[in-house]
Protein chains: 2
Amino acid sequence: MNTPIKRRKTNITLDSTFYNKNLKKSNLGMKLENLINNSNTYYLENDLAVIHKKPTPIQVVRVDYPARNKAVIREAYYKTPSTTDYNGIYRGKYIDFEAKETNSNTLLPLANIHPHQIKHLYNIVRHGGIGFFIVSFKVKKEIYLAPFADLYKNYYLIQKRKSVPYSYFKEKCFLIKEGYNPLLDYLDVLDKLYF
Amino acid sequence: MNTPIKRRKTNITLDSTFYNKNLKKSNLGMKLENLINNSNTYYLENDLAVIHKKPTPIQVVRVDYPARNKAVIREAYYKTPSTTDYNGIYRGKYIDFEAKETNSNTLLPLANIHPHQIKHLYNIVRHGGIGFFIVSFKVKKEIYLAPFADLYKNYYLIQKRKSVPYSYFKEKCFLIKEGYNPLLDYLDVLDKLYF
């Protein structure tokens, strides 16, 4: 239990900068979920944080057993998630967030965010956790970290507009830098904001 | 964001004691998972903690779309979970645990616990979270909270025996009291141990 937890290294070698440039190009088309999962694996393997994506909730209706110990699900349905996609622990703090992508250049539609996800993050932040959204403007190739507490202050306005304007992210949120290792270093933003 | 978080009430009225006794009998056959889910709902509704069961991980192979916006999963398989079943936040701390039931009166077979769940809880505790098992001895009708850190100290011995003896739970762990509201008050044990 006494193994020390490594702190993040900030020195970038010439080699990694080289890979950086090359990989950044190929990352451009990568789905936000894959960028985050890759980063979480990096954080876990380098003992920086333990953050996982929760499995997609599925309602299983019918299961066949073609052989002993082998179950095949034959009828099942996707359920609406009751919480966010990702949670875990970083530097002793509970971390909770949802990732959203949009093709729009001007806004994130509120339809992309479930009301129970808002309620869940509201609870998390009140109980002392760190809650946020990671929002990818795909066409602009910009990915922002949006702390929940500030977003919630503007929730009345957001509900009225049925969207969050791009300008909100540009002005009030934090651009996450894409790199080589990890592909999307969102903990770097948390370091600056909360630690 | 400034809504105060309620603290747990400890006063039990005569009424709830009455219900307590009656419900305890009917709870005896209830599955551990249901007891925990019921308690988590109680904790959430009373604003004491935000703890959820993660969905079961399922590998989806084939999906049909019999109608627009309607997806039916036609072939899928259960995957081995890479983490534990439950996590969340309580009094500002990250909480993570796995629930196990056994029909044995003398031991919990190690086969019930995946090695990656041990590794996951090991990481959680090192990163400052609270990790534990909730273990139900079904025939004895006793449910214990087993803090991970102490269990891990004995892990070499446990691996050799391929089980955790009942005496370990009886002597080193904490009996969780079953009641009315919530059905299984495991946060009460955490209060005494960690806060």
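Naming: A, B, ... by sequence-line order, numbering from 1 per chain.
- Within a 6.0 Å sphere centred on NZ of A:Lys140, heavy atoms belonging to other residues, nucleotides or ligands number more than 12.
- Using a 4.5 Å heavy-atom threshold, the side chains of A:Val72 and B:Tyr77 count as touching.
- Considering only heavy atoms from C-beta on, A:Val60 comes within 4.5 Å of B:Ile58 through its side chain.
- Side-chain atoms of B:Asn87 and A:His52, non-hydrogen and from C-beta on, never get closer than 4.5 Å to each other.
- Here the straight-line distance linking atom CG of A:Asp96 with atom OH of B:Tyr94 works out to 10.0 Å at 0.5 Å rounding.
- In the hydrophobic clustering of this structure, B:Met30 groups with B:Tyr43; members are Ile, Leu, Val, Met, Phe, Trp, Tyr whose side-chain heavy atoms approach within less than 4.5 Å, directly or through other members.
- Placement of B:Ile118 and B:Leu107 in two distinct hydrophobic clusters is found when ILVMFWY residues are connected by side-chain heavy-atom separations under 4.5 Å, directly or transitively.
- When hydrophobic clusters are built by joining Ile, Leu, Val, Met, Phe, Trp and Tyr residues whose side-chain heavy atoms come closer than 4.5 Å, directly or via intermediates, B:Leu157 is not grouped with B:Phe169.
- For A:Val61, no part lies near chain B; criterion is any non-hydrogen pair under 4.5 Å.
- Here the closest heavy-atom approach between residue A:Pro57 and residue B:Pro55 is recorded as CA-CB, 3.7 Å.
- Note that CD1 of A:Ile89 is 9.5 Å distant from CD1 of B:Ile95, once rounded to the nearest 0.5 Å.
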message: Go through it in stages, so that I can follow the logic: the residues are B:Arg74 and A:Glu75, the test is side chain to side chain contact (heavy atoms under 4.5 Å, CB included), and I'd like the CA-CA distance, side-chain angles, deciding distance and then a yes or no.
response: CA-CA 5 Å; B:Arg74 287 295 180 201; A:Glu75 186 185 350; 3.9 Å; yes

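- Within 6.0 Å of NZ on A:Lys172 lie no more than 12 heavy atoms contributed by other residues, nucleotides or ligands.
- Following chains of ILVMFWY side-chain contacts shorter than 4.5 Å, one cannot reach A:Leu187 starting from A:Val50, and the two form parts of different hydrophobic clusters.
- Of all heavy-atom pairs between A:His127 and B:Ala49, the closest is CE1-N, 3.7 Å.
- A:Tyr78 and B:Ala71 get closest at one heavy-atom pair: CD1-CB, 4.2 Å.
- The cluster map of Ile, Leu, Val, Met, Phe, Trp and Tyr, joined by side-chain heavy atoms under 4.5 Å apart, puts A:Tyr152 and A:Val135 in the same cluster.
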